[in-house]
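In this text, all values refer to a predicted model and were calculated from it rather than measured experimentally. Atoms considered below: every heavy atom in the structure, side chains included; atoms not considered: hydrogens, waters and symmetry mates.
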Amino acid sequence: MRVRQLQCFVVLAEELNFTRAARRLNMSQPPLSTQIQTLERELGAELLDRSSRKVSLTRAGQAFWRRAKNMLDQYERSIEEIREIERGQDGTVEIGTTGSILRGGLSELLAGFAATHPKITLRIHEQSPAAQITEVLSRRTDVSFNRSVPRDHELAYEYAWQEELVALLRTDHRFAERSEISIDDLREDHHVVLRPDSSDFAAYVMSHIISAGFRPRISQQVTDAQSIPSLVAAGFGVGIVPAGIAKLTSGPLVFLPIRPDPPISAVYIVYHHQDQAPSLQLFLSELRNRLGRGPDGMSHMS
């Protein structure tokens, strides 16, 4: 049974007239009759009653008409779905990131993309920076939002945005009433820090503290910056975190800008440079537009 046979039968069942049906199908009447006869032979049933001048459907024809219309609808939807996938308008994008980057603006970007491309599923995976790179390399995720530049030659990266790092203190801290603070002001405090070996970003934050002229007294080490606020609120010390963490953070905490030389955290979009999946390419293109980047996204190869 061919799609063309189904199309011929459905149109003929709607028109109940070979001449009008042939005109709608842009074909002559004899080939239309041949298509219907072939379909009837394959089904082993008569679909049309030809005993009078007027064409009508048999009981079998009426039942098959409903089925045939459903089959054609499914066929057409399948074709459109495949075309949407090829245009990048359908599919899934697997995204690796950290909670702190989600809070720092990524969640709003993803929500904007999802609103304009509802047929593309965005699946978010919170992972450590090192795990993100491993997952992109193995193609288990499509794209990573990372504070570190990847070193693997298979990966491409683009600068996305940056945010200042701020000092995170309890509201009862001796400097909590200040409008700004320096890292040197915190030399007497215990510090909640990112584990220095967990990422380049963690090492970068530690280097800023050390460059202020002291080695911090570390009370706790974590692998994700979004874990720091709860430990600071519990009284384990102070922390230096991306400013975006202040969003949706509650508790007895204050976020103070670091002056005169605020540390800056850059966020990069990381993906496999050979991945040409239409949904990923559309995602990257839309993201560049939203971030004010050019069509090439200032792409770099590791």
Side-chain angles (χ1 to χ4, degrees), residues 88 91-117 120-137 139-166 194 198-205 208 223-226 240-249 255 262-302:
T92 300
V93 180
E94 306 283 352
I95 301 167
T97 187
T98 62
S100 64
I101 292 177
L102 273 173
R103 290 187 175 192
L106 177 58
S107 57
E108 289 87 350
L109 284 170
L110 298 183
F113 179 87
T116 55
H117 299 281
I120 295 183
T121 300
L122 302 181
R123 191 171 293 136
I124 300 169
H125 307 272
E126 287 193 58
Q127 302 163 329
S128 69
Q132 289 179 45
I133 298 303
T134 299
E135 293 295 284
V136 175
L137 279 170
R139 306 292 189 94
R140 285 189 290 268
T141 58
D142 302 303
V143 61
S144 160
F145 289 84
N146 207 301
R147 297 187 190 276
S148 302
V149 171
R151 296 183 177 87
D152 197 286
H153 71 279
E154 293 184 47
L155 300 182
Y157 69 91
E158 302 174 16
Y159 168 80
W161 68 84
Q162 66 182 31
E163 57 183 316
E164 284 190 11
L165 303 185
V166 298
L194 290 168
S198 64
S199 67
D200 290 344
F201 172 66
Y204 168 76
V205 175
H208 259 273
T223 57
D224 189 346
Q226 75 165 351
I240 294 175
V241 297
I245 287 184
K247 296 179 181 179
L248 307 178
T249 297
F255 295 81
I264 300 296
S265 168
V267 175
Y268 299 93
I269 308 168
V270 180
Y271 52 92
H272 202 288
H273 71 83
Q274 292 183 340
D275 192 343
Q276 296 300 313
S279 55
L280 173 62
Q281 294 305 314
L282 176 62
F283 177 76
L284 293 174
S285 176
E286 289 283 314
L287 214 61
R288 291 167 190 144
N289 290 336
R290 292 174 184 273
L291 293 170
R293 303 284 178 263
D296 295 329
M298 298 169 59
S299 180
H300 301 271
M301 301 300 294
S302 296

Are the side chains of [X] and [Y] in touch, meaning some heavy atoms are under 4.5 Å apart?
X	Y	value
Ile124	Thr97	yes
Glu108	Arg290	no
Val241	Val166	yes
Phe283	Leu110	yes
Leu291	Ile269	yes
Val267	Phe201	no
Gln127	Glu135	yes
Glu154	His272	yes

Is a donor on one side and an acceptor on the other found under 3.5 Å between the side chain of [X] and the backbone of [Y]?
X	Y	answer
Asn146	Tyr268	no
Tyr271	Gln281	no
Ser107	Leu102	yes

Mind checking the [atom1]-[atom2] spacing from [X] to [Y]? Nearest 0.5 Å is all I need.
X	Y	atom1	atom2	answer
Thr121	Glu94	OG1	CD	9.0 Å
Glu126	Asp224	CD	CG	7.0 Å
Thr141	His125	OG1	NE2	7.0 Å
Ile120	Thr92	CD1	OG1	9.0 Å
Arg140	Thr134	CZ	OG1	8.0 Å
Ile101	Ile95	CD1	CD1	12.0 Å

Inset, instruction - Please report the C-alpha distance between Asp200 and Val149 in whole Å, then the side-chain angles of each, then the deciding distance to 0.1 Å, and finally whether the side-chain contact (heavy atoms from CB on, under 4.5 Å) criterion is met. - result: CA-CA 8 Å; Asp200 290 344; Val149 171; 6.0 Å; no
Legend entry - Worked check of side-chain contact (heavy atoms from CB on, under 4.5 Å) between Tyr204 and Leu165: CA-CA 11 Å; Tyr204 168 76; Leu165 303 185; 4.1 Å; yes
Inset, instruction - State plainly whether the residues Arg147 and Glu163 are in salt-bridge range, i.e. N to O under 4.0 Å. - result: yes
Inset, instruction - Write down the atom of Leu194, the atom of Ala225, and the distance for their closest heavy-atom approach. - result: CD2-N, 3.4 Å
Inset, instruction - Taking all non-hydrogen atoms of both residues into account, name the closest pair between His273 and Ala156 and its distance. - result: CB-CB, 3.9 Å
Legend entry - Identified side chain to side chain donor-acceptor pair (under 3.5 Å) counterpart of Gln132 within the set Ser144, Ser148, Ser199: Ser144
